[in-house]
Student: 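Below you will find the structure I want to go over with you.
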Amino acid sequence: MSLRLYNTLSGQVEELKPQPGKPLGMYACGPTVYDYGHIGNFRTFIHVDILRRFLKLEGVPLRHVMNITDVDDKIMAKAAAAGQSIGDYTAKYEAAFLEDLKALGIEQPEYLARATENISLMVGLVEKLVERGCAYRGENGSYYFRIASFPGYGKLSKKDLAGMEDGARVDVDEYDKDSARDFALWKAAKPDEFHWDTELGPGRPGWHIECSAMATAYLGETFDLHTGGEDLMFPHHENEIAQSESASGKTFARHWMHIRFLLVEGKKMSKSLGNFYTLRDLLLRGYKASAIRFLLTAVPYRNQLNFTFEGLTEATNAVERLRTFAQRMRTGEFPAGSDASILEATQRAGKNFIASLEDDLNTAEARAAIFELVRLANSSADRGELKQDNIAPILEVLAKFDQVFAVLEDHDDAVTRFALDWAAKENRLNEATPELVAGYSLSPEAIDKLVEERTQARKARNFAHADAIRKELAEKGILLEDSADGVRWHRK
RNA sequence: GCACCGGUGGUGAAGUGGCUAACGCGCUGGUCUGCAAAACCAGUAUUCGCGGGUUCGAUUCCCGCCCGGUGCUCCA
């Protein structure tokens with residue numbers, strides 16, 4: 001295995017390798033659980049998942065940690081507005097986040113690290129930074145990191161400190177910092193504000209310190225890989241490096257992977273532009289989880305992806321084609337023997353698939369390798385050239401593909417049902433399309449029954465009745481396919 | 001303003017200093033089908049934003065311009 005991955009720190013594509021005899025340690029910046037996750041969040045998490053799954057496929061042992069930020073200013077404000085404790089408030093969104101991961105086929109990391117469960121680690125780290133002279137206590141009781149004490153500041157985001165003059169922007173309550181660029185490690189509680197009573201005084205941790213403290217606790221002072229969305233590069237990751245390396249005197253993460261933002265309909269996704277979508281929004285509009293996942297991997301992680309509803313439809317069709325093909329390979333009847341050129345092409349597809357991913361996770365090329373195999377196998381099957389013994393190797397390549405892309409196995413029905421149940425509970429069923437609601441009001445058994453009725457009508461050559469049933473089902477998003485060995489139905 | 005990334009067919013896009021510029025989706029025609037669907041076959045960019053340069057040769061490297069996006073502030 002030799003995964004070459006772009007490293008933001010060096011600005012170059014470098015081999016990603018664990019330390020000898022150790023699992024690969026990776027820390028993924030996770031969500032702040034103050035609301036439902038949106039597709040931009042999930043593009044990042046899906047690409048980290050692609051990386052994770054690919055490493056596993058290549059047999060690399062992993063120690064993957066993801067933080068859950070369950071305390072910050074936004075959470076405190078929202079919880080207060082809802083009249084809830086921050087724990088009650090975040091529990092709902094953390095659960096939703098984990099459900100969404102599952103819906104999208106994103107594997108859970110080995111460890112989830114909650115900020116609120118690791119406060120003492122953060123306090124310890126701040127104390128250490130104070131001891132080392134890299135941090136100081138402001139008049140209001142907050143603690144700040146002194147950027148001037150860390151010469152390497154800016155090395156990740158390639159920022160030139162000279163261009164960042166003091167005083168350009170100063171927040172109202174930040175008057176007690178020595179320099180405007182210094183950032184908070186610990187925020188002192190205002191009267192009646194939620195806080196922890198600690199050696200640093202009553203307060204809560206700053207955002208950056210949580211990742212430094214937890215990454216170090218789970219993975220050590222130096223570890224292999226740190227991931228996150230491109231926006232986190234500065235200031236979040238830059239600050240993590242400053243804190244961690246000041247405290248340990250060692251390199252923090254060796255390799256940094258940043259996932260590019262996606263665009264929605266050509267613009268940055270934002271609530272004000274009205275192009276802001278959560279996973280659940282899309283599911284209620286009738287899009288399948290597999291299509292969403294597939295679309296989000298269409299463009300390699302370092303390129304911008306333009307997310308559109310058209311693209312979602314395209315992805316739906318592409319996934320359907322792959323599934324139809326997998327089904328044909330699994331259940332089709334083929335003549336005995338083996339065709340050497342097909343076998344050769346299968347092996348080539350498998351190799352190209354792996355080689356593309358090894359090349360900085362080029363998901364677009366990896367998919368192309370699979371589609372080439374699909375076309376070749378389908379056309380040779382139509383010509384009668386595909387033989388029994390060609391099937392196993394093809395299925396093996398498909399299995400590898402699916403271990404990384406995870407779209408062949410069909411969980412879409414269950415996921416959509418889950419989303420509809422959730423919408424019903426939240427009183428948001430009106431957001432679901434009528435077709436979707438109608439389609440899911442039919443149980444699979446009821447659909448089977450209608451399909452059977454149509455089959456009988458066809459046998460009796462009563463095509464008018466048969467077509468009426470097909471039309472009725474189509475209006476509920478259920479499509480039929482007549483084949484030699486029966487009728488297959490699937491949802492649009 | 002400063003910094004970074006990108007502009008490839010109807011569309012989403014991959015890629016490369018020189019073979020017929022991948023792959024997906026769409027569209028048109030055909031095979032198959034009671035009709036469809038699925039699958040397959042054929043067609044669908046003499047050309048990679050514009051101008052200049054380097055080179056025997058550039059879509060690919062360099063410079064300028066135009067356009068889009070992003071970061072510099074909470075944000076995946």
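Proteins get letters first, then strands, A, B, ... in listed order; numbering begins at 1 in each.
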Student: Distance from A:Leu9 atom CG to A:Trp256 atom CH2, nearest 0.5 Å?
Tutor: 8.0 Å
Student: Apply the test side-chain hydrogen bond (donor to acceptor under 3.5 Å, both in side chains) to residues A:Thr297 and A:Arg367: give CA-CA distance (whole Å), side-chain angles for both, the deciding distance (0.1 Å), then the verdict.
Tutor: CA-CA 9 Å; A:Thr297 63; A:Arg367 291 159 52 139; 3.1 Å; yes
Student: From the options B:G69, B:A76, B:C74, select the nucleotide whose nearest atom is closest to the side chain of A:Leu232.
Tutor: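 Looking only at side-chain atoms, A:Leu232 lies closest to B:A76.
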Student: Using atom C1' in both nucleotides, what's the gap between B:U16 and B:C50 to the nearest angstrom?
Tutor: 22 Å
Student: Within residues 299-307 of chain A, find the residues that approach RNA chain B with a heavy atom at under 4.0 Å, and present them sorted by residue number.
Tutor: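 A:Val299, A:Pro300, A:Asn303, A:Gln304, A:Asn306, in order of number.
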Student: Under 4.0 Å, heavy atoms only, any strand: does A:Leu480 hit a base, just the sugar-phosphate, or nothing?
Tutor: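 Base contact.
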Student: Can you check the A:Trp207 CH2 to B:A76 C1' distance for me, whole Å?
Tutor: 9 Å
Student: Figure out the CZ/P separation between A:Arg461 and B:U33, and round it to whole Å.
Tutor: 12 Å
Student: Checking all strands, does A:Ala318 fall into the base, sugar-phosphate, or nothing category for heavy-atom contacts under 4.0 angstrom?
Tutor: sugar-phosphate
Student: Among the nucleotides B:G34, B:C75, B:A22, which one has an atom lying closest to any side-chain atom of A:Ala368?
Tutor: B:A22
Student: Any base atoms under 4.0 Å from A:Gly311, or only sugar-phosphate, or nothing? Heavy atoms, all strands.
Tutor: nothing
Student: Given the ring of A:Tyr301, does A:Arg260 sit roughly above its face, with NZ or CZ under 6.0 Å from the centre of the six-membered ring and within 45° of the axis?
Tutor: no
Student: Say we look at B:G64 and B:U54: how far apart would their C1' atoms be, to the nearest angstrom?
Tutor: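 Each nucleotide's C1' atom is 15 Å from the other's.
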Student: List in numerical order all residues of residues 321-328 of chain A for which some heavy atom is under 4.0 Å away from an atom belonging to RNA chain B.
Tutor: A:Arg321, A:Thr324, A:Arg328
Student: Could you please name the partner base of B:U16, counting Watson-Crick and G-U wobble pairs only when both distances are under 3.5 Å?
Tutor: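 When the pairing criteria are applied, nothing turns out to pair with B:U16, so the answer is none.
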Student: If the C1' atom of B:C27 is compared with that of B:C61, how far apart are they to the nearest Å?
Tutor: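 Pairwise C1' distance, B:C27 against B:C61, rounds to 37 Å.
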Student: Please give the distance between the C1' atoms of B:C56 and B:C41 as a whole number of Å.
Tutor: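 Their C1' atoms lie roughly 41 Å apart.
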Student: With side-chain hydrogen bond (donor to acceptor under 3.5 Å, both in side chains) as the test, would you mind laying out the steps for A:Glu265 and A:Thr308 before giving the verdict?
Tutor: CA-CA 5 Å; A:Glu265 309 286 352; A:Thr308 63; 5.3 Å; no
Student: Given 3.5 Å as the limit, does a donor-acceptor pair link the side chain of A:Arg293 with the main chain of A:Gly105, or not?
Tutor: yes
Student: Taking atom types as modelled and ignoring hydrogens, do the side chains of A:Asn352 and A:Glu365 form a donor-acceptor contact shorter than 3.5 angstrom?
Tutor: no
Student: For a quick test of reading the model: is some side-chain N or O of A:Lys268 closer than 4.0 Å to OP1 or OP2 of B:G71?
Tutor: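 Yes.
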Student: Counting only Watson-Crick or G-U wobble pairs whose two distances fall under 3.5 Å, which nucleotide matches B:U59?
Tutor: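 Answer to the pairing question: none, since B:U59 forms no Watson-Crick or G-U pair.
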Student: With rounding to the closest Å, how many angstrom separate the P atoms on B:G43 and B:C72?
Tutor: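 These two P atoms come out 49 Å apart once rounded.
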Student: Could you say whether A:Arg458 or A:Phe42 is positioned toward the 5' end of RNA chain B, judged by the nucleotide with the nearest heavy atom to each?
Tutor: A:Arg458
Student: Measure from the side-chain heavy atoms of A:Asn41 and tell me the nearest of B:A76, B:C74, B:A14.
Tutor: B:A76
Student: In whole angstrom, what separates A:Asn362's CG from B:U16's P?
Tutor: 9 Å
Student: Starting from P on B:A22, measure out to NZ on A:Lys351 and report it in whole angstrom.
Tutor: 22 Å
Student: Without decimals, in angstroms, what is the distance between A:Lys492 NZ and B:A38 P?
Tutor: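 Atom-to-atom, A:Lys492 to B:A38, this comes out as 13 Å.
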Student: Is it true that atom NZ of A:Lys102 has more than 12 heavy atoms of other residues, nucleotides or ligands lying nearer than 6.0 Å?
Tutor: no
Student: Counting side-chain heavy atoms from C-beta on, which of B:C35, B:C74, B:A76 comes nearest to A:Asp467?
Tutor: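 Looking only at heavy atoms from C-beta outward on A:Asp467, the closest nucleotide is B:C35.
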Student: Look at all strands and tell whether A:Leu262 reaches a base, only sugar-phosphate, or nothing, counting heavy atoms closer than 4.0 Å.
Tutor: base
Student: Starting the side chain at C-beta, find the nucleotide from B:G15, B:U11, B:C40 nearest to A:Glu310.
Tutor: B:U11
Student: A:Phe261 CZ to B:G69 P: how many Å, rounded?
Tutor: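 These atoms are roughly 15 Å apart.
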Student: Strictly by salt bridge (charged side-chain N to carboxylate O under 4.0 Å, His left out), give each pair with a member in residues 65-81 of chain A just once, sequence neighbours left out.
Tutor: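 Non-adjacent pairs meeting salt bridge (charged side-chain N to carboxylate O under 4.0 Å, His left out): A:Asp73-A:Lys187, A:Asp73-A:Arg204.
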Student: Just one of A:His236, A:His237, A:His64 clears the ring-ring contact (aromatic ring centres under 6.0 Å, His included) bar with A:His226, so which one?
Tutor: A:His237
Student: Suppose we screen for ring-ring contact (aromatic ring centres under 6.0 Å, His included). Which residues come up paired with A:His255, at least two apart in sequence or across chains?
Tutor: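 Result, ring-ring contact (aromatic ring centres under 6.0 Å, His included) vs A:His255: none returned.
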Student: Among B:G69, B:G34, B:A22, which nucleotide has an atom closest to any side-chain atom of A:Glu372?
Tutor: B:A22
Student: In this structure, how many angstroms lie between the P atom of B:C75 and the NE2 atom of A:His236, rounded?
Tutor: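 Whole-Å distance recorded here is 8 Å.
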Student: Distance check, P atoms only: B:C4 and B:C62, in whole angstrom units.
Tutor: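 Here B:C4 and B:C62 have their P atoms 13 Å from each other.
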Student: When we call it a touch if two heavy atoms are under 4.0 Å apart, what does A:His258 touch: a base, just sugar-phosphate, or nothing?
Tutor: nothing
Student: Taking any strand in view, what nucleotide pairs with B:U44 in a Watson-Crick or G-U wobble way, both distances under 3.5 Å?
Tutor: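 When the pairing criteria are applied, B:G26 turns out to be the nucleotide that pairs with B:U44.
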Student: Would you say A:Thr278 and A:Asp281 are linked by a side-chain donor-acceptor pair, where the criterion is simply a distance under 3.5 Å?
Tutor: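 Short answer, yes.
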Student: Using Watson-Crick or G-U wobble geometry with both distances below 3.5 Å, tell me the partner of B:U70, or none.
Tutor: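 B:U70 is paired, partner B:A3.
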Student: With C1' as the reference atom in both, quote the distance from B:U55 to B:U44 in angstrom, rounded to an integer.
Tutor: 34 Å
Student: Return the nucleotide paired to B:A39: Watson-Crick means purine N1 to pyrimidine N3 with N6-O4 or O6-N4, wobble means G-U with N1-O2 and O6-N3, both under 3.5 Å.
Tutor: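 Its partner is B:U31.
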Student: With nearest nucleotides of RNA chain B determined for A:Arg383 and A:Thr308 from heavy-atom distances, which residue corresponds to the more 5′ nucleotide?
Tutor: A:Thr308
Student: B:G34 P sits how many Å from A:Lys459 NZ, rounded?
Tutor: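 After rounding, the gap between these two atoms is 14 Å.
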Student: All N/O contacts under 3.5 Å from nucleotides 26-28 of chain B to the protein, with atom names and distances to one decimal?
Tutor:
residue	atom	partner	partner atom	Å
B:G26	OP1	A:Asn317	ND2	3.2

Student: Donor-acceptor pair under 3.5 Å: do we get one between A:Asp482's side chain and the base of B:C32?
Tutor: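 No such pair is found, so the answer is no.
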Student: Please give the distance between the P atoms of B:C25 and B:C35 as a whole number of Å.
Tutor: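 Going atom to atom, P in each nucleotide, I get 25 Å.
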Student: Under 4.0 Å, counting only non-hydrogen atoms across every strand here, what does A:Glu320 touch: a base, just sugar-phosphate, or nothing?
Tutor: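 No contact.
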Student: Assess whether one donor atom and one acceptor atom, taken from the side chain of A:Arg470 and the base of B:A37, lie less than 3.5 Å apart.
Tutor: no
Student: I'd like to know if A:Arg491 pairs up with A:Asp410 as an ion pair, taking the criterion as any Lys NZ or Arg NE/NH1/NH2 lying under 4.0 Å from an Asp or Glu carboxylate oxygen.
Tutor: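 No, A:Arg491 and A:Asp410 are not salt-bridged.
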Student: Output yes when a side-chain donor or acceptor of A:Asp412 lies under 3.5 Å from a complementary backbone atom of A:Lys288, and no otherwise.
Tutor: no
Student: Residues two or more places apart in sequence or in another chain: which of them pass ring-ring contact (aromatic ring centres under 6.0 Å, His included) with A:Phe42?
Tutor: none
Student: Under 6.0 Å between the ring centres of A:Tyr34 and A:Tyr89?
Tutor: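 No, too far apart.
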